[in-house]
Amino acid sequence: MKAIVIGGGIGGMCAALALEKSGYQTAVYEAVSEIKPVGAAISIWPNGVKCLNYLGLGAPLRALGGNMAWMAYHDFRQGERLTRFSLQPLVESVGERPYPVARADLQAMLLNHYGAQRVHFGKRVSHIEQDGDGVTAWFTDGSEARGDFLIAADGTHSVIRPQVTGEPAERRYAGYVNWNGLVAIDDSIAPADQWTTFVGEGKRVSLMPVSGNRFYFFFDVPLPKGLAEDRSSVRADLTRYFSGWADPVQQLIAAIDPTTTNRIEIHDIDPFPTLVNGRVALLGDAGHSTTPDIGQGGCAAMEDAVVLAMTLQTHSLGIEDALRRYQARRAARVADLVLKARKRCDVTHGIEPEATRAWYQELKQESGERILNGMRETILGGPLA
Ligand code: FAD
């Protein structure tokens, strides 16, 4: 049995690795000739880490992951600490650590494990067709590929999604812009073993450690869509938006490299129940696009991959039956993650100003218990809990 996997991002590569572990042949087709991830880094929470462990990637992941032992929130003006707590109770209760990793490192790890030379780069799928025996994908260069089934991991702008769900999906602007990048760790900005976040005015500035003595940083600002801002204006834009913020934030703005800082208008898509049509299954952002507010989009893609492969391996009533079961196991979980992230987004970014003000007050009384309980619930909802 052979699977065609469309897309060589986190979702596609995890799907290919998981399917091969379950005894399927795979062929991965990726539109671009070199993958340049949209963000600088990603936090892989224990539900995602367990999926990578399952794929045999535990040791390389640990080598790439930052040591994120603590979590702290600071007020934006003077920078005073609102709360600080250890992540160890979370680690102990869920049985795994979180690992923030640079995206380029994660992508290289996945490609190397699969065999980068095996991926068909520069193959952009234009449309697909299925019949009783399999699926054919056509590419924009006029070539085609055929397999017994097809996994569409072609991201949030998926061209295959409408052929599965029967309708186009509207991307919804979440109301804020995110700038992100990597910068050398500097203890005078934030401790090297801590996820540190400055909050105020519906904005956020956050730092997480990744390997190579680097911080993954991001800035969030609620803004209208479509402003004429890009890398050439990034330092001036951040200086303006974060005027009056505490010294560590000013230091960070001075330290960033504008030429490698990404600016992203954050979107999601209303959850939809159909992930499968016959021999074609959506996976990762193609099947569920979320705001990054609970850091679960990529983790959910890893979960999809593991559930897909396990379901195919453990059911013998045929591909279509197994894919339907994959959909049944994933649809509610991924809808829940998208909606949880949307709710968090609105509180964090002043979209619901009353809720945002209440959250800033809550942080002053936060012992860590409430935040860690929320994370624990999300993590334990994963397939390898
Ligand atoms: P993608 O990464 O988009 O990959 C899709 C691939 O398909 C691409 O390589 C693309 O070139 C290819 N492709 C597209 N169209 C075609 C076509 N027609 N034919 C062939 N190939 C095609 N998630 C977390 O878990 N933790 C985090 O901390 C986190 N932080 C985030 C921060 C930001 C700012 C953003 C924007 C997202 C964040 N996410 C996070 C979400 C995460 O990045 C995504 O969920 C994840 O990258 C989805 O992987 P994917 O493989 O499904 O899609």
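Counting starts at 1 for both ligands and their atoms, in listed order.
Which parts of ligand 1 touch Q296 is read off a 4.0 Å heavy-atom cut-off, strictly below it: atoms 24 (C), 25 (O). Atoms of ligand 1 found under 4.0 Å from any heavy atom of V159, numbered from 1 in the order shown, are 18 (N). Those atoms of ligand 1 with a heavy atom of P292 less than 4.0 angstrom away are 30 (N), 31 (C), 32 (C), 33 (C), 38 (C). Short contacts between ligand 1 and G9, defined as distances under 4.0 Å to a heavy atom of the residue, involve ligand atoms 4 (O), 6 (C), 9 (O), 51 (O). In the vicinity of A153, heavy-atom distances shorter than 4.0 Å reach the ligand 1 atoms 5 (C), 6 (C), 7 (O). Each of the following atoms of ligand 1 lies closer than 4.0 Å to a heavy atom of G155: 3 (O), 5 (C), 53 (O). Listed by number with element, the atoms of ligand 1 under 4.0 angstrom from any heavy atom of G297 are 23 (N), 24 (C), 25 (O), 41 (C), 45 (O).
For W45, the ring-ring contact (aromatic ring centres under 6.0 Å, His included) test picks out W195, with sequence neighbours left out. For the ring-ring contact (aromatic ring centres under 6.0 Å, His included) test, residues two or more places apart in sequence or in another chain that qualify with H120 are Y29.
Nearest to atom 49 (O) of ligand 1 by heavy atom, out of G11, A286, G284, P100, is G11. Taking only non-hydrogen atoms, the option from E303, Q107, R103 nearest to atom 31 (C) of ligand 1 is R103. When the options G287, G298, G122 are ranked by their closest heavy atom to atom 42 (C) of ligand 1, first place goes to G298.
For E170, the CD atom sits in a loose shell: 12 or fewer heavy atoms of surrounding residues, nucleotides or ligands are nearer than 6.0 Å. Shown here is R342, whose CZ atom has more than 12 heavy atoms of other residues, nucleotides or ligands within 6.0 Å.
Not a single heavy atom of M13 sits under 4.0 Å from any atom of ligand 1. Distances shorter than 4.0 angstrom do not occur between any heavy atom of G48 and any atom of ligand 1. Put simply, part of K123 is less than 4.0 Å from ligand 1, judged by heavy atoms.
By the 30° and 60° cut-offs, the orientation of the rings of W179 relative to Y241 is tilted. Using bins of under 30°, 30° to 60° and over 60° for the plane-to-plane angle, the ring pair Y216/F218 lands in the tilted bin.
Rounding to the nearest 0.5 angstrom, the gap separating the OG1 atom in T26 from the CE atom in M1 is 14.5 Å. The distance from atom CD of E320 to atom CZ of R325, rounded to the nearest 0.5 Å, is 13.0 Å.
Counting heavy atoms closer than 4.0 Å to ligand 1, residue D285 contributes atoms from both its backbone and its side chain.
Judged by a 6.0 Å distance limit and a 45° cone about the ring axis, R84 is positioned over the six-membered ring of W70.
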